[in-house]
Amino acid sequence: MYRYDEFDTTFVRQRVDQFRDQVNRRVSGELTEEQFRPLRLMNGLYLQLHAYMLRVAVPYGTLNAAQMRKLAFIADKYDKGYGHFTTRQNIQYNWPKLPDVPDILDHLADVEMHAIQTSGNCIRNVTADQWSGAAADEVEDPRPYAELMRQWSSLHPEFSFLPRKFKIAVTGAQADRAAIAYHDIGLRLKKNGSDEIGFEVLVGGGMGRTPMIAARIRDWLPKQELLAYLEAIMRVYNLHGRRDNKYKARIKILVHELGAEEFTSQVEEEYTRIDAPRVMPPAQELERIAAYFAPPAFDDLQDDSPKFMQHEEEDAAFAQWVERNVAAHKQRGYAIVNVSLKPVGGVPGDASSDQMRAVADLAEQLSLDEIRVTHEQNLVLPHVRKQDLYRLWQELKKHELADANIGLATDIIACPGLDYCALATARSIPISQDISNRLGDIARQREIGDLKIKISGCINACGHHHAGHIGILGLEKRGQEYYQITLGGSGDERASVGEIIGPGFSSETVTDAVETIVDTYVGLRQNGETFIEAYRRVGPDPFKEAVYAAH
Amino acid sequence: MPLIKNGQIADDTWQVLEDDAPLPEQGDVIVALERFLAEIDQIRTRSGRTGIAIENTVDPQEVTAHLDDLDLIALDFPAFTDGRAYSQARQLRTKQGYTGELRATGNVLADQAGFLLQVGFDAFEVAADQSLDVWNKAANSMALAYQRGYGGTQKTRDKLQAARPLANTSNCALAVEQSLPI
């Protein structure tokens, strides 16, 4: 993992002092709320329905045990004993008090964390494949570049007042677990014809009211040119992105209105004007960062652990958990463990301070002190010896963290919705809980198989409903919440936008509709095809017929 | 509107010329870009200095050929959240090599002082309610910057590294106090 040097430490501390001064000026009345608003948003502080909300950056979703314990401490001291992990791999606290926020930031700085640019019209926390550095299918670990971008984007003098927020995601694998095609910029490390590794560059993806899949503007960019090329993209966007209408201000609209070809040529032209060596980090700086992400001290193990295999044979519940929650590791004898934050009927992404401390302890004992946050609102212990899996599973069970439902129907993404959010038009969490309870029987979930249900409480789509195999969008009409259903969305390497199937449903009937869709799929699937495979084969009609005939 | 240069309130010798006002022979005047381009021949015969105000939708390349005729370029912030002029300033200072006064006008907020200096502005028309103290505090609140190749007083890591080796501060929360003289 990356560790701060004196430069990073000083930078973050000075940013805290700067923000403390801004908070003091707001509290004293020297700053109006209008003036304070963009300043607090630059530091992740929102004013929500009931209170301020502080969003803390988890850069590219990577944490160590000390950091997770600090998050638990903050949850206890400044919040109500829990935190909410988000679809951008961050954590949100829903109940901090404004004068406490600078102190919270100081506590975060103690463990090399911050809330810089977790909101505002700037470059947001860079997200990455949660299995980076562990995944068996990775070309190269993308985290050194994510860290490079974290640094480069922090208080960027030119790109801190963009037309709209800006999100970058990066992966080093063929399988896309970071939803890069749904980001303003998506980056994928890949090899060119000469076996050199560089970046495929996608621009203009996004959710919101105008969902779009990103266009590829460079098939292969030499790795060392990354920051200079990003500068070109950002400058074209900063100068030409629309500012007349905030709903049309994201870069996806600029790419769409210009056309991908014209946009690309503007970026390439700007790129020729940039004095790249002046902007790019020196080679030794890239090496300095990369050294922190060298593989940890893995034990030299046999691939198979007889102990593990015996437990898998003897304990069916353990075997089911392994099947759903454990993934292949690049290191022999190790495995990646996904820790579900989706108990049946629970709030997606919420973790109590006790759970955070338990995960911290287990990371220290069994995962080489590493934890990841996923954009699907779960946690990952990335480096677990197979021989330790059974023990880990037993420990996780004690803290209600062993649900064997990764990728199943109850592994639902949901935004905070009207229970917290000032922008929401409908509740998300209760709908998620209702569906989770309805489909929660583990045998039934396993029978249904891979299924991504994603719920947003407004058109801004923080719950990624466009990318849901089943997407649910909560809206409001004449004081009544209602829910639109989309089918066929996907956020992976075959990214697609879900299509609306017809009129919406009330909060009382939407779960029935989801169940009908699921049952329809189970009835029509062939040869073990998954929900999304079946949908791609048959299209929306059988589902529409079933849903609207029944209701 | 007070004018700030080099961290101090400065006399403003420049007069913004209305489009229909006659072009004076003497004195420092700021004209709109269109007028500047239309009357470039007369402007060149003036004894006073000339500057232009350009809107934030204009591509700075439009004035590339005239940079030698210009002593001031004023870039506009219609709202402090509208950041286009940062990129215009950056383009003028880097690729185009403009070295005259670059003035920020419009809705300029003290808290943006650091960024404005970094992209190359060196004069600022600020609202009367923005005190010089707040401005200077904001301008100097960050001693460090991650971005290479920008201006301002902030030190980048490689510059700091060249001056002296940086300590690894893992598990050392007191590093700020130890590193104040940067």
Side-chain angles (χ1 to χ4, degrees), chain A residues 3-15 17-18 21-22 25 30-31 35 37-39 42 66 106 109-112 121-122 150-163 227 231 234-236 238-241 243 270 273-275 277-282 284-285 288, chain B residues 56-57 59 61 77-91 94-96 109 111-112 114-119 129 134 137-138 141-152 154-158 160-161 165-173 175-180 182:
Chain A
R3 300 306 309 258
Y4 283 9
D5 67 2
E6 190 184 338
F7 186 98
D8 303 297
T9 302
T10 309
F11 183 92
V12 169
R13 291 288 182 191
Q14 288 187 340
R15 179 69 182 108
D17 292 345
Q18 190 184 44
D21 177 62
Q22 290 167 349
R25 283 157 59 212
E30 188 182 328
L31 284 176
Q35 290 170 324
R37 189 173 175 276
L39 302 177
M42 287 285 288
D106 260 331
D110 288 346
V111 291
E112 306 179 6
N121 292 337
C122 50
R150 180 192 74 80
Q151 298 185 14
W152 163 79
S153 62
S154 293
L155 303 194
H156 197 291
E158 187 180 343
F159 306 131
S160 289
F161 293 91
L162 298 167
L227 294 189
E231 183 175 319
M234 298 310 301
R235 185 164 301 129
V236 169
N238 191 38
L239 286 168
H240 303 298
R243 292 176 188 259
E270 182 59 36
R273 296 194 208 170
I274 290 176
D275 182 0
R278 197 173 141 183
V279 174
M280 294 186 308
Q284 65 264 31
E285 172 61 5
R288 183 188 74 84
Chain B
N56 69 3
T57 50
D59 185 341
Q61 287 193 102
F77 288 84
F80 64 85
T81 50
D82 184 339
R84 280 176 275 202
Y86 289 103
S87 284
Q88 289 177 308
R90 171 77 170 164
Q91 287 179 318
T94 54
K95 187 64 186 170
Q96 301 184 223
L109 193 62
D111 293 276
Q112 295 168 307
F115 292 159
L116 292 166
L117 287 159
Q118 282 174 277
V119 297
D129 67 348
V134 173
K137 201 167 160 186
S141 60
M142 296 299 295
L144 305 174
Y146 281 111
Q147 300 77 20
R148 299 178 79 239
Y150 283 80
Q154 289 84 354
K155 286 205 165 54
T156 53
R157 177 181 265 114
D158 49 339
L160 200 59
Q161 189 88 54
L166 294 178
N168 192 322
T169 58
S170 298
N171 308 317
C172 177
V176 177
E177 280 75 13
Q178 293 161 3
S179 65
L180 273 179
I182 36 182

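Given the structure is predicted, the values throughout are model-derived calculations rather than measurements. Quick note: numbers below take in every heavy atom, side chains included, and nothing from hydrogens, waters or symmetry partners.
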Largest heavy-atom contact set with chain A, pairs under 4.5 Å, which of B:Leu116, B:Val119, B:Asp158: B:Val119
Proximal component of A:Arg37, with respect to chain B [non-hydrogen, under 4.5 Å]: neither
Pick from A:Asp275, A:Asn121, A:Asp21, A:Leu162 with the largest number of heavy-atom pairs that fall under 4.5 Å of chain B: A:Asp21
Toward chain B, the part of A:Asp8 with a non-hydrogen atom under 4.5 Å: both
Region of A:Gln35 that comes under 4.5 Å of a non-hydrogen atom in chain B: both
Full working for side-chain contact (heavy atoms from CB on, under 4.5 Å) between A:Glu30 and B:Val134: CA-CA 11 Å; A:Glu30 188 182 328; B:Val134 173; 3.4 Å; yes
Mutual orientation of the aromatic rings belonging to A:Phe11 and B:Tyr146 [parallel < 30°, tilted 30-60°, perpendicular > 60°]: tilted
Under 4.5 Å from any heavy atom of chain A - which part of B:Gln61: side chain
Top contributor to chain B contacts, counting heavy-atom pairs under 4.5 Å, from A:Ser160, A:Ser153, A:Pro163: A:Ser160
Engaged part of A:Arg243 at the chain B interface, taking heavy atoms whose separation is under 4.5 Å: side chain
Nearest atoms (heavy-atom pairs only) where B:Lys95 meets A:Arg273: CD-O, 3.2 Å
Heavy-atom closest pair, residues A:Phe159 and B:Ser87: CE2-OG, 3.8 Å
B:Arg148 (side chain) donor-acceptor with A:Pro277 (main chain) under 3.5 angstrom: yes
Distance in Å, B:Gln112 CD paired with A:Leu39 CG, rounded so as to fall on 0.5 Å steps: 8.0 Å
Under 4.5 Å from a heavy atom of chain A, the part of B:Thr156 involved: backbone
Rounded distance [0.5 Å steps], CZ in B:Phe115 versus CZ in A:Phe161: 6.0 Å
B:Arg157 versus A:Gln151, side-chain donor and acceptor atoms under 3.5 Å: yes
Audit row: A:Gln284, B:Gln161, side-chain contact (heavy atoms from CB on, under 4.5 Å) steps and yes/no: CA-CA 12 Å; A:Gln284 65 264 31; B:Gln161 189 88 54; over 6 Å; no
Heavy-atom contact with chain A under 4.5 Å, split by part of B:Ala89: neither
Side chain / backbone / both / neither for A:Leu155 at chain B, heavy atoms under 4.5 Å: both
Backbone N/O of A:Val279 and side chain of B:Gln147: donor-acceptor pair under 3.5 Å: no
Heavy-atom pair count under 4.5 Å with chain A, highest-scoring of B:Leu166, B:Leu109, B:Asp111: B:Asp111
A:Met234 versus chain B, the contacting section by heavy-atom distance below 4.5 Å: neither
Test item: A:Arg235 and B:Gln91 side chains (from C-beta on) under 4.5 Å apart, heavy atoms: yes
Nearest non-hydrogen partners of B:Phe80 and A:Pro38, listed with the distance: CE1-CG, 3.1 Å
side-chain contact (heavy atoms from CB on, under 4.5 Å) assessment of B:Gln154 paired with A:Gln14: CA-CA 12 Å; B:Gln154 289 84 354; A:Gln14 288 187 340; over 6 Å; no
Heavy-atom side-chain contact between B:Leu160 and A:Glu6 under 4.5 Å: no
Best-contacting candidate, A:Arg25, A:Arg15, A:Glu270, against chain B by heavy atom pairs under 4.5 angstrom: A:Arg25
Top of A:Gln22, A:His240, A:Arg288 for chain B proximity - count of heavy-atom pairs under 4.5 angstrom: A:Arg288
Gap between atom OH of B:Tyr150 and atom CZ of A:Arg278 - 0.5 Å precision: 9.5 Å
